[in-house]
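Inspection log for the structure reproduced underneath, given as structure tokens.
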Amino acid sequence: MSQVTTTDLYEVTMALSYLREDMRAPATFSLFVRDLPPGRGFLVAAGLEPALDYLTRFRVGRSDVQEFAEALKRPVEDLAPLQGLSFDGQVRAVPEGRCVLAGEPLLEVTAPLPQAQLVETYLMSLLCHQTVIASKAARCVLAAGGRPLVDFSLRRAHGPEAGLQAARLCALVGFAGTSNVAAARRYGIPAAGTMGHSYVETFTSEEQAFRFFARTHPGPVTFLVDTYDTEQGVATAARVLRDLRLGPGCAIRLDSGDLGALARRARAALDEAGLRDVQIIASGGLDEYAVAALVREGAPIDAYAVGTRVGTAADAPYLDAAYKLVEYDGRPVMKLSASKATAPGPKQVFRGPGLRDVIGLANEEPPEGTEPLLRTVMRGGLRTEPPDTPAAARARFESDLAALPEEARLIEDPTAPLPTASTRLTVLSTVVRHRIEARTGAGRRPGDTAPER
């Protein structure tokens, strides 16, 4: 299936109408998050790299037109104006890895109106899903306090492609590895894995399972110790590790039960066996809240494997995001709907120390002591620079994370910074609102007089 047809049908109906009416003037659409999800003090911008790949390849072919026609139950000839449409516009965006706040554009597209309209759904799907997963993973990094994290999310992700995305995004914010072999190969992430409970169950005893596994994998090994009785499993693992003289680099994995208490008893047993170099890895339904609790209680856990709750962003799995027209043919436009009003004109976010952000117009000068977040990443349908590197994205993330106010970094009940609007943006919003109200009568009740101009 073509990525072109991975779209909502109303994008097709609007684009076709624009083409038939020769409405091809430049349009600017802004993709932003209205409000942060509950329990979030910030978001991490993500999804831009695959979005640029999509726009670079975007071209409506004959088969796409046929699929659109079938969906609309109309002759193919009716949709012929769409054939050959490709993306040759401009994209300004926040680079991946930067921390962003409510109301700030993640991306702005400026292109002939039919093009800018037709790419809406795919762009929203990419950026929203990846931003929400990166943001969840970033909170795990905060909770772990420097302890290594490994992505275990593939098996319960919302599909294999979502699992690939999760592995990339976890690495982007600092995870040490992933269980996903395809993601490890595609993105250059260290692969990590141990054994499953089924492996242990296959043998007549845990000791036999551990010995056979170590014989097959002579390097550092990790034994899963909670298939039956965790404390007995730890004792068995310690005996095998000591007998085979396997120490540094090896580990045991705890996957269920009271992980804090079990880790303390496991650490004592390993130390008593002279295996102080053997580490303890914890897994099993973990997220930033569970990791933070274990770190807070001083559990002797060396690394955490997180999966389902992070790969699905279980507590906040979506963003209240929008892709809204802000300018057409040089005319600023805005939406006035209750609770969903938008601000007109192409935007820029000016970042000050401590994420004291100002949302302004794209063509205004940055306030003193600030830097612009959105940069031009595509012009004429082509990238303006080589693809971003994971190392660069991670460096941006680490810098922004360090600059976040402490209250935004909290795992429990964070308080997000609130960006302000520039004077020019505020004035333009007022002017455009008054023009719309004067032209349409919006905002007036029967008997009201027209607003003053």
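FYI, the numbering just counts along the sequence from 1.
Cation-pi geometry between Arg394 and Phe397 is not met at under 6.0 angstrom from the ring centre and within 45 degrees of the axis.
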Review point. Would Glu412 and Arg296 satisfy salt bridge (Lys or Arg N to Asp or Glu O under 4.0 Å), going step by step from the backbone distance to the final call?
Key: CA-CA 13 Å; Glu412 300 280 353; Arg296 189 165 53 245; 5.6 Å; no
Practice item. Take Asp271 and Arg267 through the test salt bridge (Lys or Arg N to Asp or Glu O under 4.0 Å) and record every step on the way to the result. Key: CA-CA 6 Å; Asp271 290 351; Arg267 184 73 271 159; 3.1 Å; yes
Review point. Can Arg264 and Glu297 be said to form a salt bridge (Lys or Arg N to Asp or Glu O under 4.0 Å), step by step?
Key: CA-CA 11 Å; Arg264 283 188 286 274; Glu297 71 177 69; 3.1 Å; yes
Counting only pairs under 3.5 Å, give me each side-chain donor-acceptor contact of residues 298-309, with atom names and distances, residues two or more places apart or in other chains.
residue, atom, partner, partner atom, Å
Asp302, OD2, Ile280, N, 2.8
Thr308, OG1, Arg156, NH1, 3.3
Arg309, NE, Gly285, O, 3.2

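At a threshold of 4.0 Å, the pair Arg383-Asp388 does not count as salt-bridged, since none of the basic side-chain nitrogens sits closer than that to a carboxylate oxygen. A salt bridge links Glu371 to Arg98: one of the charged nitrogens lies within less than 4.0 Å of a carboxylate oxygen.
Within 6.0 Å of the CD atom in Glu407, the count of heavy atoms belonging to other residues, nucleotides or ligands exceeds 12. Within 6.0 Å of the NZ atom in Lys340, the count of heavy atoms belonging to other residues, nucleotides or ligands does not exceed 12. Annotation for Arg375: atom CZ counts as buried by contact number, over 12 foreign heavy atoms lying within 6.0 Å. For Arg155, the CZ atom sits in a loose shell: 12 or fewer heavy atoms of surrounding residues, nucleotides or ligands are nearer than 6.0 Å.
At a cut-off of 3.5 Å, with distance as the only test, a side-chain donor of Tyr122 or Gln3 sits close to an acceptor on the other residue.
Looking at Gln115, its side chain does come within 3.5 Å of a backbone N or O of Asp88 through a donor-acceptor pair.
Considering Glu161, Glu96, Glu49 in turn, Glu96 is the only one that fulfils the salt bridge (charged side-chain N to carboxylate O under 4.0 Å, His left out) rule with Arg168. Across Phe223, Phe212, Phe213, a single residue satisfies ring-ring contact (aromatic ring centres under 6.0 Å, His included) together with Tyr199, and that is Phe213.
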